[in-house]
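These numbers come from the heavy atoms of this one structure, side chains and all, not from hydrogens, waters or symmetry mates. Numbers for residues simply follow the sequence, beginning at 1. Note that ligands are numbered from 1 as they come in the structure, with each ligand's atoms numbered from 1 the same way.
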Amino acid sequence: PTWMPPAGPMLFPRDFVWGAATSAYQVEGSVAADGRAPSVWDTFAARPGVIKDGSTGDPAADQYVRYEEDIALMAGLGLGAYRFSLAWPRIQPTGSGRANAVALDHYRRMIDALADKGIRSAVTLFHWDLPQAVQDAGGWAERDTAARFADYAELCFDAFRDVDIDWMTLNEPKTHAFVGHWYGAHAPGLRDPDIAAAAVHHQLLAHGLAVERFRAGGAAGRIGVALNLIPVYPADPSYADGVDPLDARENRLFLDPVLRGTYPEEAIGTLPGQLPADPDAFAALQRDGDLGTISTPIDFLAVQYYGVTGVDGSGNETQIAPTSAASWQQIRPEGLYDLLIRLVRDYPAVPLLVTENGIPDPSSHVTVDDPHRIDFLRAHFQQAARAIGEGVPLEGYYVWSLLDNFEWAEGYQQRWGLVAVDFETQERIPKASADWFASVIAANAVSSA
Ligand code: GBH
């Protein structure tokens with residue numbers, strides 16, 4: 001039987017954090033300002049035919065320049081936190097060596113301006129914008145990239161060591177490894193399952209090394225990693241055998257090493273379409289101690305939930321729920337509840353944050369009329385409240401996204417913002433969902449309708 005929300009409002013815990021999220025390449029623009037060097041996304045987006053509307057992340061939503069206006073918007077919504085990412089190619093343009101002080105000053109001004117409005121910073125260190133110089137040296141195919149990342153992370157921890165930040169080492173290492181290195185639809189645009197496998201291990205190693213540096217450095221704040229997780233259901237009860245292998249690849253390949261210090265056997269080359277294809281090659285990437293480093297305890301797990309997937313009788317992915325304008329997004333709010341309950345059941349206790357959840361507008365036109373987004377968020381907030389009511393240690397919830405922005409291979413044609421952006425004028429126009437979200441935050445509660 002489907003779950004029904006109670007008639008009255010569902011209250012969230014008193015100190016629950018309501019936020020909105022973005023990432024550097026998707027909102028900043030100013031790609032050549034203040035010493036920034038190209039990232040893999042600048043290079044990739046410049047290739048003909050890879051971005052739907054032929055666009056790039058320049059100027060995106062121009063947030064590098066307009067951050068004060070955006071922070072005023074956030075304050076108007078009553079946000080308790082803003083999740084954004086630092087651009088590695090600003091802070092270390094060549095991917096190594098000393099920090100670019102101008103870039104750190106910029107982020108310091110932003111973090112201080114947020115704090116002035118009582119908005120906490122939740123900072124992702126890597127949201128896919130690898131410095132092109134690091135890619136030229138081999139990128140995530142190379143173990144050394146993990147060491148480069150740890151050095152970059154340490155520069156950031158030191159620069160903001162006084163600030164109580166929720167740090168996230170990586171954003172969705174799965175998406176970056178699979179879509180960027182296996183399917184070729186994201187930067188760096190490779191189609192090589194073995195490199196994708198290396199990108200899995202080396203990103204996870206980078207995460208672990210950064211957590212070690214964070215602990216050793218003694219900065220304020222907390223640290224975790226942002227994983228996009230996707231509950232898998234059989235399209236028919238007789239297909240139940242297909243769930244575990246797909247779940248191993250989509251979820252456990254990242255959850256298990258971080259939270260248990262092991263890789264799931266099922267994900268390593270035993271089935272068609274499993275990654276990596278060659279178990280020996282995957283084993284060869286690993287050195288003694290890697291899994292210990294990767295499983296260095298984190299302070300919170302950042303969960304990014306967009307929907308569910310199904311598995312058919314051949315073990316392949318199939319559609320089991322209605323999609324949004326993003327064809328990959330199969331909408332099932334109860335999947336969030338199932339996921340949160342599962343994390344508590346299967347993994348050591350760790351506080352949880354939902355650091356991304358949202359839906360695009362049905363069309364590419366600027367609109368402020370977005371009842372579909374209100375319905376989507378309401379249903380998901382209810383499932384979050386339901387899980388909290390059953391003891392899940394969920395501490396916060398960030399909507400993707402604050403603003404319409406550069407939606408990767410979709411360019412500017414897919415609008416995910418609570419606030420619309422007119423990309424001709426850079427005017428910000430709050431959608432109906434922004435006002436609705438502000439009322440949820442003010443009440444710290446979600447109502448049935
Ligand atoms: C998040 O990824 C990202 O963190 C964020 O930057 C992004 O803007 C947001 O979602 C909205 O998309 O058709 O094979 O290329 C969400 C998970 C996984 C969704 C990869 C898109 C591409 C599938 N993403 N997927 S494919």
Side-chain angles (χ1 to χ4, degrees), residues 19-28 39-41 44-45 50-52 55 57 60-61 63 83-85 87 122-130 168-191 193 196 199-200 203 225-231 246 249-251 253-254 273 275 302-309 316-319 323-331 335-336 339 353-361 364 373 376-377 380 398-418 421:
T22 62
S23 87
Y25 191 68
Q26 293 180 274
V27 299
E28 283 183 344
S39 74
V40 291
W41 264 97
F44 181 72
V50 301
I51 310 296
K52 244 180 211 167
S55 64
Q63 191 175 81
R83 174 174 181 256
F84 58 99
S85 75
V123 179
T124 314
L125 286 165
F126 178 67
H127 201 123
W128 310 342
D129 48 354
L130 193 76
M168 281 149 281
T169 53
L170 310 174
N171 180 74
E172 300 189 354
K174 175 177 68 179
T175 306
H176 189 54
F178 291 10
V179 185
H181 299 76
W182 189 11
Y183 315 152
H186 282 181
L190 304 178
R191 292 171 194 270
V200 169
Q203 283 187 91
V225 60
L227 301 182
N228 76 310
L229 301 173
I230 182 163
L246 190 57
R249 187 188 82 188
E250 294 294 322
N251 301 311
L253 183 56
F254 302 86
L275 181 131
V303 175
Q304 319 217 130
Y305 177 80
Y306 285 91
V308 298
T309 194
N316 293 318
E317 280 194 81
T318 192
Q319 190 184 333
T323 59
S324 71
S327 58
W328 51 265
Q329 184 176 29
Q330 298 188 42
I331 302 167
L336 175 59
L339 171 63
L353 297 172
V354 171
T355 47
E356 286 187 23
N357 173 243
I359 186 172
D361 290 331
S364 60
R373 181 170 287 106
F376 177 97
L377 292 175
H380 286 80
Y398 294 73
V399 173
W400 184 273
S401 177
L402 176 71
L403 298 169
D404 290 344
N405 60 50
F406 176 73
E407 176 54 23
W408 308 116
E410 302 293 326
Y412 297 97
Q413 304 302 307
Q414 226 177 58
R415 296 175 172 272
W416 289 77
L418 294 161
V421 176

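- Contacts between Asn171 and ligand 1, counted as non-hydrogen atom pairs separated by less than 4.0 Å, involve the side chain only.
- Here the OH-CD distance, from Tyr412 to Gln26, works out to 9.5 Å after rounding to the nearest 0.5 Å.
- Between Asn228 and ligand 1, no pair of N/O atoms sits closer than 3.5 Å.
- Closest to atom 4 (O) of ligand 1 by heavy atom, among Glu356, His186, Gln26, Gln414, is Glu356.
- Applying the 4.0 Å criterion to heavy atoms of Val179 picks out, from ligand 1, the atoms 15 (O), 20 (C).
- When heavy-atom distances to ligand 1 are checked against a 4.0 Å cut-off, Gln329 has no atom that comes that close, whether in backbone or side chain.
- Contact detail for Trp408 and Ser23: the closest heavy-atom pair is CZ2-OG, 3.8 Å.
- The closest approach between any non-hydrogen atom of Trp408 and ligand 1 is below 4.0 Å.
- Backbone and side-chain nitrogen or oxygen atoms of Trp128 are examined, and none is located within less than 3.5 angstrom of a nitrogen or oxygen of ligand 1.
- With a 4.0 Å cut-off on non-hydrogen atoms, Phe178 does not touch ligand 1 at all.
- Relative to atom 18 (C) of ligand 1, the option among Asn357, Ile230, Thr355, Thr175 with the closest non-hydrogen atom is Thr175.
- For Glu172, a nitrogen or oxygen atom sits less than 3.5 Å from a nitrogen or oxygen atom of ligand 1, counting backbone and side chain alike.
- Distances from atom 26 (S) of ligand 1 to the protein include no heavy-atom value under 4.0 Å.
- How far OH of Tyr305 is from CD1 of Ile230: 8.0 Å, rounded to the nearest 0.5 Å.
- Between Gln414 and Ala325 the shortest heavy-atom distance is NE2-O, 3.6 Å.
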